[in-house]
Peer 1: 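Pasting a structure below so you can have a look.
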Amino acid sequence: MDSYEYLSVLNPEQMAAVVHEGSPLLILAGAGSGKTRVITTKIAYLIAEQGYRPSSILAVTFTKKAAREMQERAQLLESQAARSQIRTFHSFGSWFLRIHAEEAGIDKNFTVYDDDDMVTLVMKAVPNIAKKQASTIAHKISMAKDYCMTPDDPNLIQIESDAEFPEQYAAYEERLRATGNVDFGDLIMLPVLLLQNNESVRNHMHKIFKVIMVDEYQDSNVAQFKLLKALTGPDTYVCVVGDDDQSIYSFRGAEVQNILDFEKEFPGTQVIKLERNYRSVAPVLSIADGVVKRNKKRLGKTLVSVRGDGKKPKLVFLSNQDDEAAFAAEMILQSHGKGVPYSDWAILYRTNAQSLGFETEFLHRKIPYSVVGSLKFYEREEVKDALAYLAFLVNPRDEIAFRRIVNKPPRGIGGVTQEKLVTRAREENENSLVGQVNLLDTCRGEVGSLSKKAKEGMKAFIDLFDTMIQTLTSAETRDDNTPIEQLAEDAREAVKDGEPNVVSGDELPDWVTEAMAASEPAPLGESDKRLSDVIEKMIKDSGLLELHQSQDEISGTQRVFNLQELVNSASMYPANVDGLLEFLDHIELDRTLETPDDETPSDAVTLITLHNTKGLEYPRVIITGMEYGVFPRRDKVDTELEEERRLFYVGITRARDELYLTSCAYRRMYGRTEDQEISPFLLEIAPSEIDVLGTKPTAYKRFERQQAASGNGGGGGPGGEALVEQDGLASRWKKGRTVYHDDYGHGVILFTDTTESGEYVIDVQFETGTRKKFLPKYQANRLMLEM
DNA sequence: TCACAGTGACTTTTT
DNA sequence: GTCACTGTGA
């Protein structure tokens, strides 16, 4: 494509962002402002116009979906972009660690432990703790790694004040390193540590990457920031794109501060704001703006709708979630009758559990749908079992996988025996001069000492793996299939030996770029063995298939089907160690992947969590469960409430043409029906900006009256009145006043306070003895002042 | 070592 | 209402 052609479609700010050079660049890109277009065009421009070697461009995103989209779009503009590194943070980390496994102190055939595996490992590393405690500790360790803190970091105390924690963390690390595997946090933290401590590795990376771009920068955590810093060499061009209003991952360590401080950390930064919204019609945008304005902590920017006027959003009050699902189905079917495709619709919800009601209804009404991310295909027992067999096959030091599979199907090797074997292996490791004793070898050594039944089982177990190892290695006949570690080693040596410090051109040998670009499996020839055959053999020969088959018969599950799906999904990978590692990587690093399902219709309604919608858009969006306790969750105040509000903002701005909000009066939770209060967020939308359907709850009627009285009901925009309202609250809800609450009865206000984010809080002592805090602003329907 | 039954806890959001 | 964990008995 001619460069003028793709540049000509840009607006002036977008253009400025694309052609910018010479200093770090921060692009503050509002929702729907053409952010992806800017990044992809910039990649194309850097290659075509600035002469950058495609493989010297690294673009990092957070989700695989985003990475895939970016890659595809960049390639459409510039075919050479196929050789650029467009990856998620974690897949970059994985790539990096495979190359530098030895320096990082891990096995080159490492696999990635998920959160469950972490918990299991914590339980082994810290003696005598309950699973719940282990889970807390595992979570804290994850946090620590998100902040790039090692067990000896004095700042750990900010994450966990318990004096035992650093020890527990250290014990976990020791245990983890013994397996040769890594956890999610390691995928970022280990590269950072290695880059910081190892000059040659650092220089190597600086030589490879001349451009680093980060998408959704507002959701980066401290470790990821450090990674970016460490990858940035003296002549690296850094460009980050983000929107502080869309920061929704602080619970996972995302640090908005990263984007707020960017200019400080990268001196000379130029900032470009993209505020023209090409996605949504004006009425949708107006609501989004009114809501996000309530947040105190933001850089502040205002989106302008390029598309102009459109349909006014609708707020629908319903009785319960069955009605909610029915309403959604009705809307979808009606529009479908008029030729609107199902895929125009997305149902958004706060928690995955909410998808169930819609699924049931849609199945009933024959509406095709696809659930994004919730089915957790790879977390199913049978699938995890199969994956554990595969992980143990490539890395027999994997203690977690070993424990999971050695007695599954039952081989007479129970917990006690397992413990004995693992302890034995650990002892051997300590005494061994060579180190790296693996569990399979230990098993071989210990077979003789086992009871009769266990002996039989263990022999079968060892035989299985001996055969599988052969199957996997004997398949490795293609001579063009150089193992990745060899390529990596070559690449490393070449750069060490003083390859020219190239900015552009193609001085680096092909095999370096090949090693770097190897994100896609090598194409399979007809005669090649497929990885799926290997996996199928493994599942059959291990007895896993039989085990789950009988399970299916007993409880009517579809485990065999799931196992078959797993096998199918490996058909594109070559049947060798690298293919297997790639397959496992792919699975571990893309948990949100839709269930592999041949029946997924091409035209389907999307069911998706609000978090998962980041970066996506749909013509028609229904945000469901607009109830206090569901969205926002009841325990959210201050900064956390602001984050929930940003999540709402993200949800609203997904809608191109039509937006619906639904709120239920009752909701079944834990199998019992609860009264629901309306979401406080609904009181942040001016009644004049939204059409209301259904029976209005008392609280909402009251809100409408208030708004009308204060002149906000009849067309005045939202915003600005917060301060006035706050004063009103403080003068009415005074210390000492008696109140009545629907649930708790009579009480008296003990204290009043204002939270960090400016919410007015009252602390009430009730006659019944309960004492509770309230935000009077949101309690209009249940809490009232007494005369 | 394993199967079963009773009990308790539980719903954030995810790479 | 569901699931996972615990303790008991075979």
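Just so we're on the same page: letters track the sequence lines, and every chain starts at 1.
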Peer 1: For A:Glu642 and B:dT13, give me the distance from atom CD to atom P, rounded to whole Å.
Peer 2: 22 Å
Peer 1: Before accepting this row, confirm whether a basic side-chain N of the pair A:Glu69/A:Lys64 lies closer than 4.0 Å to the acidic partner's carboxylate O.
Peer 2: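 A salt bridge is absent here (no side-chain N lies under 4.0 Å from a carboxylate O).
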Peer 1: Verify the contact: side-chain N or O of A:Thr63 to OP1 or OP2 of B:dT14, cut-off strictly under 4.0 Å; return yes or no.
Peer 2: no
Peer 1: Compute whether any side-chain donor of one residue and acceptor of the other, for A:Thr111 and A:Asn181, lie under 3.5 angstrom apart.
Peer 2: yes
Peer 1: What's the CG-C1' distance between A:Asp116 and C:dC3, to the nearest Å?
Peer 2: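 That distance rounds to 14 Å.
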Peer 1: Please confirm whether the shortest side-chain N or O distance from A:Arg633 to OP1 or OP2 of B:dT12 is below 4.0 Å.
Peer 2: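 So the side chain of A:Arg633 is within the cut-off, an N or O lying under 4.0 Å from OP1 or OP2 of B:dT12.
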Peer 1: Mapping A:Pro410 and A:Met669 onto DNA chain B by nearest heavy atom, which one lands closer to the 5' end?
Peer 2: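 The residue mapped nearer the 5' terminus is A:Pro410.
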Peer 1: Can you tell which of B:dC2, B:dT11, B:dT14 lies closest to the side chain of A:Ala353?
Peer 2: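 Nucleotide nearest to A:Ala353's side chain: B:dT11.
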Peer 1: What's the gap between B:dT11 and C:dT6 when it is taken at their P atoms, as a whole Å value?
Peer 2: 16 Å
Peer 1: Would you call the rings of A:His586 and A:Tyr573 parallel, tilted or perpendicular, taking 30° and 60° as the class edges?
Peer 2: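 Ring orientation, 0 to 90° scale: tilted.
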Peer 1: Strictly below 4.0 Å: does A:Asn612 bring a side-chain N or O up to OP1 or OP2 of B:dT14?
Peer 2: yes
Peer 1: A:Phe251 near the nucleic acid: base, sugar-phosphate alone, or nothing, with a heavy-atom cut-off under 4.0 Å?
Peer 2: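 Since a base atom lies under 4.0 Å of A:Phe251, the category is base.
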Peer 1: Nearest to the side chain of A:Arg668, heavy atoms from C-beta on, is which of B:dT14, B:dT12, C:dG1?
Peer 2: C:dG1
Peer 1: Does A:Glu643 come within less than 4.0 Å of A:Lys297, counting only side-chain N to carboxylate O?
Peer 2: no
Peer 1: Hey, which of A:Asp243, A:Asp244, A:Asp245 is the one that makes side chain to side chain donor-acceptor pair (under 3.5 Å) with A:Arg298?
Peer 2: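 One option only clears the test, and that one is A:Asp245.
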Peer 1: Is the phosphate of B:dT14, meaning OP1 or OP2, less than 4.0 Å from a side-chain N or O of A:Ser142?
Peer 2: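 No, A:Ser142 has no side-chain N/O under 4.0 Å of OP1/OP2 on B:dT14.
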Peer 1: Do any side-chain nitrogens or oxygens of A:Lys132 fall under 4.0 Å of OP1 or OP2 in B:dC10?
Peer 2: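 Result: yes.
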Peer 1: Could you tell me whether A:Lys140 and A:Glu160 have a side-chain N and a carboxylate O separated by less than 4.0 Å?
Peer 2: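 Judged by the 4.0 Å cut-off on N to carboxylate O distance, A:Lys140 and A:Glu160 do form a salt bridge.
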Peer 1: For the C1' atoms, the ones on C:dC5 and on B:dT12, what distance do you get once it is rounded to whole angstrom?
Peer 2: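 Between the two C1' atoms, the distance is 22 Å.
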Peer 1: Would you tell me if any nitrogen or oxygen in the side chain of A:Asn352 comes within less than 4.0 Å of OP1 or OP2 on B:dT11?
Peer 2: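 Looking at the OP1 and OP2 atoms of B:dT11, neither is under 4.0 Å from any side-chain N or O of A:Asn352.
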Peer 1: Taking atom C1' of C:dG1 as reference, at what distance in whole Å does atom CG of A:Asp322 sit?
Peer 2: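 In whole Å, C:dG1 C1' and A:Asp322 CG are 14 Å from each other.
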Peer 1: Roughly how many Å is it from NE2 in A:His139 to P in B:dT13, rounded to a whole number?
Peer 2: 12 Å
Peer 1: When the distance from CD of A:Glu674 to C1' of B:dC10 is rounded to whole Å, what number comes out?
Peer 2: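 Value for this atom pair: 13 Å.
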Peer 1: Which whole-number value in Å describes the distance from A:Arg634 CZ to B:dT13 C1'?
Peer 2: 18 Å
Peer 1: What contact category does A:Thr417 fall into here, base, sugar-phosphate, or nothing, at under 4.0 angstrom with non-hydrogen atoms?
Peer 2: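 The residue A:Thr417 makes sugar-phosphate contact but no base contact.
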Peer 1: CG of A:Asn221 versus P of B:dT14: gap in Å, rounded?
Peer 2: 16 Å
Peer 1: Roughly how far apart, to the nearest Å, are B:dT13 and C:dA4 at atom P?
Peer 2: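 Per the computed distance, 15 Å lies between those P atoms.
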Peer 1: Using whole Å, what does the distance between atom P of nucleotide B:dT14 and atom OH of A:Tyr349 come to?
Peer 2: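 Going from A:Tyr349 (OH) to B:dT14 (P), I get 9 Å.
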